[in-house]
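Structure record follows, encoded as structure tokens.
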Amino acid sequence: MTDLAIQNVARLFNAADRLLFVTGAGVSADSGLPTYRGVGGLYNRGDTEDGVTIEQALSGPVLYRRPELTWKYLWQIGAACSGAQPNAAHRIIAELESQKDEVWVLTQNVDGLHRAAGSKNLVEVHGDMFDLYCTDCGQEYTAAVLFSDYSVMPDLPPLCEKCRGVIRPAVVLFEEMLPREAVEGLAHLASVDFDVVVAVGTTAAFPYIREPLVRALQRARPIVEINPTRTAISADFDYRIELGAGEAMEKIRHSMTRAAV
Ligand SMILES: [Zn+2]
């Protein structure tokens, strides 16, 4: 079944001019990353050792009231993610962008790996955890400059060198709204009639992640799921490939090349 699904999806990809990839933690997992939103990975136990849930620790209100607590967990996530490299899924999606009329990535991942792989048409709907800014004066920082060595925990929270305000990552924490760029990016995606929409390693739990899939269904465009395990939305897909993101994308590319020769 998987081989047939791969051939069918490769055929769809070859014929498509406009492709949308909707990606989640499953893509990062192939780069050895834990997940950010408490699904498996570092924080699947619910409560932190500080007596709050990870959702509370990583929330906007707690960052405001107890920045040292939020930063303790941001730091652990940053340390776990630092040094990770894009995998085959990131790279093949970026390659397709240079080969097709319009390829977009909508990702809920905050690890910056799509950007590192070379994707430019990119909506990082929850931001990028390695971009930071001062909550008082807006001065921008990068994690590479601020934290050159993740093996040594600095004084947290990091403070702005200009105004001593608390620095935070440009990510959407729990209980926070999506930033304007994300909303604009989503609006652009809504305006494109994608030939195929592919969900890779995501359960599409957020409404704005699920929306492009629903829209494709309404437009009678095929939707594809790449996920090693079935999800709550699996039944809605025209094609399913039950493999990890990197392996699936490598097999699809191989099949695309053979079909094109
Ligand atoms: Zn500042």
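Computed from a predicted model, the values in this text were never measured in an experiment. Just so you know, ligand 1 is whichever comes first in the structure, and atom 1 is the first atom listed for that ligand.
- In this structure Phe147 satisfies the ring pair (Phe, Tyr, Trp, His ring centres under 6.0 Å) test together with Trp71, Trp75, Tyr150, sequence neighbours excluded.
- With no hydrogens or angles considered, a side-chain donor-acceptor pair links Arg11 and Asn8 at under 3.5 Å.
- Of all protein N/O/S atoms, those under 2.8 Å from the Zn ion (ligand 1) are Cys134 SG, Cys137 SG, Cys160 SG, Cys163 SG, and waters are not counted.
- Side-chain atoms of Ser234 and Thr231 include a donor-acceptor pair closer than 3.5 Å.
- Under the side-chain contact (heavy atoms from CB on, under 4.5 Å) criterion, Ser59 pairs with Pro61, Val62, Phe174, Glu175, not counting sequence neighbours.
- Judged as a side-chain contact (heavy atoms from CB on, under 4.5 Å), and not counting sequence neighbours, Gln85 has no contacts.
- Contact detail for Asp195 and Arg221: the closest heavy-atom pair is O-CB, 3.8 Å.
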